[in-house]
Q: 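One structure coming up, written as structure tokens, with questions to follow.
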Protein chains: 2
Amino acid sequence: MHEFVNVELWRKWREEAYARFKSDIEIGYVDTDIVDLIECVFQTDNYFTTSSCSGRIVVLDAMYPWLRDEAYIVFKKHTTIEVNEIESLIYTQRPLNRYWLISSGPIIHFVARSLEAAMELIKNVRSMGFKHSGIISLNPAGVVVEIISGTWTSFLLMDSEGLVVEPSALSRIVAIANEILLEGKRRLNNLKTYFCSLPRR
Amino acid sequence: MHEFVNVELWRKWREEAYARFKSDIEIGYVDTDIVDLIECVFQTDNYFTTSSCSGRIVVLDAMYPWLRDEAYIVFKKHTTIEVNEIESLIYTQRPLNRYWLISSGPIIHFVARSLEAAMELIKNVRSMGFKHSGIISLNPAGVVVEIISGTWTSFLLMDSEGLVVEPSALSRIVAIANEILLEGKRRLNNLKTYFCSLPRR
């Protein structure tokens, strides 16, 4: 297969991405759950990362759970949550639109050094539960691959008319949201095992 | 950019895919919402489709809404639904696991004739609301692109302990599920407008 990535440009981009990763750690921007994984990725011959999220639980005030504009994050945590954190929200406030409790899995952007490396990554992570992964951009400095775990679920808690869920079921919903977050972190751990076992440069 | 797709193989695959599409229409396998779009795609120089779903509303009996194995579809429609269709389900049956009402948008697999054509497709459909789209497979017969609309939401209706949603809120949930289905179909319509405006071969 023809190599259209310019390896010098790719290495330069990798250096910049690594410097940014290191400074983001200092500032506290990087989830601690994901630091070891990213360190291992930067040690491989073929990949680096530009952005990552290890998964999180949020309450979004929006008409639909996929919105980013006209959407307000009113609660956010990268760890498991307690039912009283949600209760204190829904029993004291009303949404402008709708309150969605969203538990989402990891999402990571990789930059591969070649198309072959990108396709190998997609094939390998699919078996680790990252099924909606694909090449999202091709440029001379690298092949950008988005890796998404399918572990995502929303729960509509409340709309402008009031509660949508049974108050007595709230603890079961929170338990499921936590299970989903932890399943994402398990898949992330598989990814770490995979990357930390690759040959180091 | 180097052309690694063998155009003869790609054309052969396209012929087979078109024959299958035509026979699927006869059998009734193809959503009528999507037929015109696919016809236009097959008339372009650079693309064909291998599989497609225009979006649907299902009730899934499963531990988690993304599961396919150990998951049972107990209700499925490609059009908007009525609240009594859901009531008659949850008031007469109990889930083995959990009942999730899932409203999902279009998902289509395209095969592009070149990497450039694949990347142009991804760039163009992103602005039409298909944001999680990417190349999922590269082979000598074509570049496979998965196009997914972000319009997806699940509602947990019931678990083994009973109802999770307020019975009085069920009609609001059904209304939102229908809005989401229709938003997916609007995005599909944008896709149709785009493909039917491309030069025909």
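Owing to the predicted nature of the structure, the values given are computational and were not obtained by experimental measurement. All chains are named by letter (A, B, ...) in the order of the sequence lines, taking the proteins before the strands, and each is independently numbered beginning at 1.
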Q: Using non-hydrogen atoms and a 4.5 Å limit, figure out which bit of B/Ile173 sits close to chain A: side chain, backbone, both or neither.
A: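 Just its side chain gets close to chain A.
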Q: Any chance you could measure A/Met63, atom CE, to B/Glu183, atom CD, to the nearest 0.5 Å?
A: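 That separation rounds to 11.5 Å.
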Q: Can you check whether B/Thr153 reaches A/Tyr64 side chain to side chain, under 4.5 Å on heavy atoms?
A: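 No, too far: nothing below the 4.5 Å cut-off.
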Q: Considering only heavy atoms, which portion of B/Ile148 lies under 4.5 Å from any heavy atom of chain A: side chain, backbone, both, or neither?
A: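 It is the side chain, since no backbone atom gets that close.
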Q: May I ask you to name which of A/Glu161, A/His132, A/Glu146 has the most heavy-atom pairs under 4.5 Å with chain B?
A: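 Heavy-atom pairs under 4.5 Å are most numerous for A/Glu161.
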Q: Working to the nearest 0.5 angstrom, can you tell me the gap between B/Met119 CE and A/Ile135 CD1?
A: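 So the gap between those two atoms works out to 7.5 Å.
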Q: Just checking B/Glu70: does its CD atom have more than 12 heavy atoms from other residues, nucleotides or ligands closer to it than 6.0 angstrom?
A: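 Open: at most 12 neighbouring heavy atoms sit under 6.0 Å from CD of B/Glu70.
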Q: Taking the side chain as every heavy atom from C-beta outward, state whether B/Ser137 and A/Lys123 have any atom pair closer than 4.5 Å.
A: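 With C-beta onward as the side chain, the pair stays apart.
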Q: So what's closer than 4.5 Å to chain B heavy atoms on A/Ile122: side chain, backbone, both or neither?
A: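 When you check distances to chain B, only side chain atoms of A/Ile122 fall under 4.5 Å.
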Q: Which bit of A/Trp152 comes within less than 4.5 Å of chain B, counting heavy atoms only: side chain, backbone, both or neither?
A: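 Contact with chain B involves both backbone and side-chain atoms of A/Trp152.
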Q: Against chain B, label A/Ser133 side chain, backbone, both or neither, depending on which of its atoms sit under 4.5 Å from a heavy atom there.
A: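 Answer is backbone: N, CA, C or O of A/Ser133 sit under 4.5 Å from chain B.
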Q: Answer yes or no: are there more than 12 heavy-atom neighbours, outside A/Arg126 itself, under 6.0 Å from its atom CZ?
A: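 More than 12 within 6.0 Å, yes.
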Q: Name the option with the most non-hydrogen atom pairs under 4.5 Å to chain B; the candidates are A/Ile136, A/Leu156, A/Val164.
A: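 Top count of heavy-atom pairs under 4.5 Å with chain B: A/Val164.
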Q: Within the supplied structure, the quantity of interest is the number of heavy atoms (other residues, nucleotides, ligands) at a distance under 6.0 Å from A/Lys77 NZ; does it exceed 12?
A: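 It does: A/Lys77 NZ has more than 12 such atoms within range.
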Q: Looking only at non-hydrogen atoms, find the nearest pair between B/Glu166 and A/Pro167 and report the distance.
A: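 Of all heavy-atom pairs spanning B/Glu166 and A/Pro167, the closest is OE2-CD, 3.6 Å.
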Q: Can you tell me if B/Glu82 has over 12 outside heavy atoms packed within less than 6.0 Å of its CD?
A: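 Open: at most 12 neighbouring heavy atoms sit under 6.0 Å from CD of B/Glu82.
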